[in-house]
Amino acid sequence: MSAGDILELSASAAAAAVDSGELSARELFETYRVRAAADRDAGIEGLNCFTWVADEVPAEAPPAPLHGVPIAIKDLFCVEGVPSQAGSRILEGYRPPYTASSVSRLREAGACLLAKTNQDEFAMGSSNENSAFGPVLNPWDRARVPGGSSGGSAAAVAAGLAPWALGTDTGGSIRQPAALCGIVGMKPTYGTVSRYGMIAFASSLDQAGPLTRDVSDAALMLRHMSGRDACDATSLHSASVEPPSARRLDGLRLGVPEELAGEGIEAGVLECCRSTLSLAEGLGADVAEVRLPHAPHALAAYYVLAPAEASSNLARFDGVRYGLRAEADDLLAMYTRTRHDGFGPEVKRRIMLGTYALSSGYYEAYYGRAQRVRTKIAEDFAAAFQSVDYIVSPTSPTVAFKLGERTSDPLSMYLSDYCTVPMSLAGIPAISIPCGLSDGLPVGLQLAGPALSDSRLLDAAHALEQAIEFDPRAARV
Ligand code: GLN
């Protein structure tokens, strides 16, 4: 097979080609390794997708269902012996002594680690501009951001530098970069994939999930990493994810919430989503309006809850246990200098916000209240799912924006997750699929379902994907 033919294969197709003997696992891995290493060596002259690339080709295909298909993994997943810094300077030089459960499971299923991907520091951001390794560029237009925080994973898959990638989503960090890069990204039901070995941001929201070229690959990856894990008490026993096969949506009711699909959404994005809804009707779906009255408050609640959890999770980085240590005469000065030098400005902003929200006099007024808003949002979804099967909205209010455009205004950056944060707070599964172009840039459509409907959701997304026939090739490098 020529390198060009290899790059055309989805991860599922690549596994099948190795299985049938058409392609060797070695050749497959080396084709991607050379491309990924070239991007790493080019730094910001390339897309800057990777923080680390494997330097060896696995000897032979593991006798397992994924047959040695290479996988790129967001930097925040711990992999034994491999640099894992969560995009932060504070973890400089850290090589974990253990491997995240999701990564171990994918390896046991036959996937081979190709590279670690660039990301916003500790997964805080929507543009990948908050990384200690520099920004990632969008392969559709290098003057634009790939989205974040899983920006390196999304750009690598879109550009054909990896067949698929693993990311995490706390408030939108899989779905939004997938939308901005024209690929598929899914946040499974909270608890579906073990968080063990993920460097934590906001533990009640963090969820690992796939960034892939198509919906079948997303299902395949999820199938091989989900399930209960004794090392994560919040992980769930979930039904096995089956390969999606639906081509029609007969009898399914799609609900469009005006709160997430009206004011504040770019016209070109709305236009693409509307024409996709017409396609859905052509496949037999009923499209109806639903209400999510508390969804407009999701972002405000998220920016209390996520920083509160982050301020607690990030307390462990003090120069004693891992990574960077600043020189100082006494212990307190060592702690503060290490944190001063090691954390970037957005991380410091979140720690301050979270520490304030949790301080004794304000706890009830901020944290307690945000928790109540979170419950209201979950109740809105539960009520909506009484009348519809799935909720449909744009994934991102805009297409990929220019580098630097939102860096000086945190609020405008935070608004990037307006449509994705409500599902995160409710813990429900949501997937973004590419649904067309606006001004030559990809638009993502988000479908969300009730908790544990992941398999059905993938099936519906698959039917829509077949009808949309999105062409990703303009992004290949
Ligand atoms: N952009 C959001 C934030 O900065 C979401 C990030 C994420 O999902 N990890 O918090």
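Heavy-atom basis, side chains included; hydrogens, waters and symmetry copies ignored. Please read these numbers as outputs of a predicted model, since none were measured by experiment. Just follow the structure's listing: the first ligand is 1, and inside any ligand the first atom is 1.
Aromatic ring centres of Phe317 and Phe122: separated by under 6.0 Å. Between Tyr302 and Tyr414, the ring centre distance reaches or exceeds 6.0 Å.
Residue-ligand proximity: Met413 is placed with every non-hydrogen atom at 4.0 Å or more from ligand 1.
At a heavy-atom distance under 4.0 Å, atoms from both the backbone and the side chain of Thr170 approach ligand 1. If you look at Lys187 next to ligand 1, there are no close heavy atoms at all, none under 4.0 Å. Under 4.0 angstrom from ligand 1, the non-hydrogen atoms of Ser149 all belong to its side chain.
Residue contacts with ligand 1: Met124 is placed with no nitrogen or oxygen under 3.5 Å of a nitrogen or oxygen of the ligand (distance criterion only). Between Gly171 and ligand 1, at least one pair of N/O atoms sits closer than 3.5 Å. Considering backbone and side-chain atoms alike, Ser173 places an N or O below 3.5 Å from some N or O of ligand 1. Checking only distances, Ser126 does come within under 3.5 Å of ligand 1, N or O to N or O.
For the side chain to side chain contact (heavy atoms under 4.5 Å, CB included) with Val145, the lone residue among Pro135, Ser126, Ser127 that qualifies is Ser127.
Remark: Glu289 CD is loosely packed, at most 12 non-hydrogen atoms of other residues, nucleotides or ligands lying under 6.0 Å away.
Distance check, rounded to the nearest 0.5 Å: OG of Ser131 to CG of Asp75 gives 8.0 Å.
Atom 2 (C) of ligand 1 has Asp417 OD2, 3.0 Å as its closest protein atom, hydrogens excluded (heavy atom only). Of the protein's heavy atoms, Tyr303 OH, 3.2 Å lies nearest to atom 3 (C) of ligand 1.
Summarising the contacts of atom 5 (C) of ligand 1 with Phe122, Tyr302, Phe201, the nearest heavy atom is found in Tyr302.
The aromatic rings of Trp140 and Phe470 are tilted relative to each other, their planes meeting at an angle between 30° and 60°. Under the 30°/60° scheme for interplanar angles, the aromatic rings of His297 and His294 are found to be tilted.
The distance from ligand 1 to the heavy atoms of Ala123 drops below 4.0 Å at these ligand atoms: 6 (C), 7 (C), 9 (N).
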>> Does Glu92 form a salt bridge (charged side-chain N to carboxylate O under 4.0 Å, His left out) with Arg89? I'd like the steps, not just the answer.
In response: CA-CA 5 Å; Glu92 216 164 69; Arg89 220 196 131 205; 3.3 Å; yes
